[in-house]
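Note that this is a predicted model, so its numbers are computed, not measured. The basis for the numbers below is simple: all heavy atoms, side chains too, and nothing from hydrogens, waters or symmetry mates.
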Amino acid sequence: MSLLAKRSIIKEDKSNIITLGAIAKEEKKKDPSVINATIGMYYDEEGKLVTYNSVDKALFELTSDEKYAYASTPGSNSYHEALKRWVFRQYYDEFMKNTYVGVMATPGGSGAISNTFTNYLNEGDMVLLPNYMWGNYKQFAYENHASYTTYNLFKNGKLDIEDIRKKAYELKEKQNRVLLVINDPCQNPTGYTMSDVEWKMIIDLVNEIANSGTPFILLHDMAYIDYDKRGFESTRQNMRLYEKLSKNALVILAFSGSKTLALYGIRIGAQIAISTNEENIIEFNRANKFSSRAKWSNATNLGANLISKVILDDKLREKFESELNDARNILIKRANTFIAESKKVGLETLPFDCGFFITIPCNNPDLVYKKLVEKKIHIIPLDNVLRVTISAITVEECKILPKIIKECM
Ligand code: PLP
């Protein structure tokens, strides 16, 4: 008889991203000609993991206390200030005036998602996820005694807003609360980025349901926001819609230090909650502090202080922004190359705008994965798609991959 508790017997990390990523890394170590397009980290054109010099410089300036002392559970005031300034950017003053904001430091965006599922789903509730998704959302749901249902991400190449509406109303009827996850911009795995009109329709829906008396929580997973080809300013524009939220609604931004500052292994991020109702933020702070304490006690002081330093020091921030701009431009070049070659060889891709990944519809992804491995190419097979991580490969590799993938299909 299993010694595991009942709910734990079926637990198995079925995500192949980490496992297949490790295999690819091993193969590449043995043979540098291997193409490793698996794991969501950003590599330069020489195949080296990118470290931002401004972030590295800030690291060397941290004192022992700033690096090694315990952090407070929610994170310091300066961490909160840095994140609000970074995320709201040109609308910082507006947000401070028109909304209430709460910040909770977490281990990566993962911690932010986990805490949100813990505190905004009742036992047995369903969270509303996209049908093409970062698979870990499902595990966060199970771990938090909840389950999930999905909305169609696309209809005719655009966001399937009608399906989101339909599913949200079903959840309203079933459980009288809606927790909707939107991963935008640069959605993982497709690279889709919602238009201004689509954002407006989502927020109208949030307010409509919230005003009818059903609590609506929108988890905006913005892990890739700083790699959006439109640049810092435009990506913050849609967030202004949050200033007009219904008092019965809450938006939680999941911020990832892994992606924005390339601090993957440091494990730092945050939940940033926005509401027009102060009570929602007081509750948010109380419950999420409790959960953080119960799960990981506090996030890494080193990571939070590093982020505060880079963002609050004008010189470092400017340097960091220019490094991020360079990284983004290389990603755009890779994406343009991959998409142009795909068109040339007739390889279909799901709607893509920008980001770390491009996704190819595929009926037999596992078989195609095996064929590609024989050709020393490692990608990630998911449910009826292949995910190619363009953040991890070079422009030259983006040029040759579409044809080989097409042949293997
Ligand atoms: N959200 C998405 C869509 C992701 O792809 C990832 C990581 O791959 C995360 C959130 C969380 O990353 P981290 O916990 O490292 O911040």
Side-chain angles (χ1 to χ4, degrees), residues 39-62 78-79 81-92 108-109 112 183-188 191 193 220-239 253-270 272 302-338 352-358 389-395 398:
I39 206 115
M41 296 195 282
Y42 181 68
Y43 288 79
D44 67 16
E45 287 291 298
E46 269 73 56
K48 278 210 317 278
L49 183 71
V50 166
T51 316
Y52 295 117
N53 290 329
S54 42
V55 177
D56 234 13
K57 183 168 185 314
L59 176 64
F60 284 104
E61 288 175 8
L62 292 183
S78 60
Y79 183 53
E81 189 57 22
L83 288 186
K84 285 189 266 188
R85 289 199 176 270
W86 183 259
V87 165
F88 300 133
R89 209 175 167 92
Q90 69 269 35
Y91 304 119
Y92 172 87
N183 175 206
D184 187 82
C186 315
Q187 204 253 0
N188 178 3
T193 294
H220 176 181
D221 182 349
M222 47 155 39
Y224 299 93
I225 186 166
D226 293 309
Y227 296 89
D228 183 324
K229 66 181 178 194
R230 294 167 304 169
F232 300 119
E233 250 86 48
S234 331
T235 48
R236 270 65 178 175
Q237 253 164 40
N238 294 315
M239 280 196 274
L253 309 175
F255 171 82
S256 169
S258 310
K259 309 295 173 180
T260 287
L261 294 104
L263 293 173
Y264 314 96
I266 302 266
R267 311 306 306 134
I268 185 71
I272 303 168
L302 186 151
N305 285 327
L306 200 46
I307 291 177
S308 309
K309 207 170 200 86
V310 172
I311 293 173
L312 297 177
D313 179 313
D314 287 346
K315 271 222 173 91
L316 273 180
R317 193 189 59 250
E318 274 164 31
K319 169 124 181 49
F320 174 56
E321 285 175 359
S322 114
E323 289 185 280
L324 255 181
N325 279 329
D326 293 345
R328 191 188 300 131
N329 287 336
I330 291 175
L331 264 187
I332 294 171
K333 204 166 164 193
R334 289 178 192 168
N336 289 344
T337 308
F338 193 97
F352 169 88
D353 292 285
C354 44
F356 279 29
F357 313 104
I358 293 179
T389 308
I390 56 167
S391 65
I393 58 177
T394 63
V395 174
C398 284

Contacts of type salt bridge (charged side-chain N to carboxylate O under 4.0 Å, His left out), residue D228, not counting sequence neighbours: R230

M222 side chain near V87 side chain, heavy-atom distance below 4.5 Å: yes

Results of salt bridge (charged side-chain N to carboxylate O under 4.0 Å, His left out) for E318 - residues two or more places apart only: none

Salt-bridge contact K333-E45 (side-chain N to carboxylate O under 4.0 Å): no

Candidate list I330, L49, I390, test side-chain contact (heavy atoms from CB on, under 4.5 Å), partner Y42, passing option: I330

Pairwise distance CG(L302) to CD1(I307) - rounded to 0.5 angstrom: 10.0 Å

Spacing of E321 atom CD and F232 atom CZ [to the nearest 0.5 Å]: 5.0 Å

Flag side-chain contact, heavy atom, 4.5 Å: H220 against F255: no

Ring-ring centroid check F352 F338, cutoff 6.0 Å: no

Flag side-chain contact, heavy atom, 4.5 Å: Y92 against E81: yes

K309 bridged to D56 by N-O distance under 4.0 Å: no

Option passing side-chain contact (heavy atoms from CB on, under 4.5 Å) with Y79 (candidates L306, N305, I268): I268

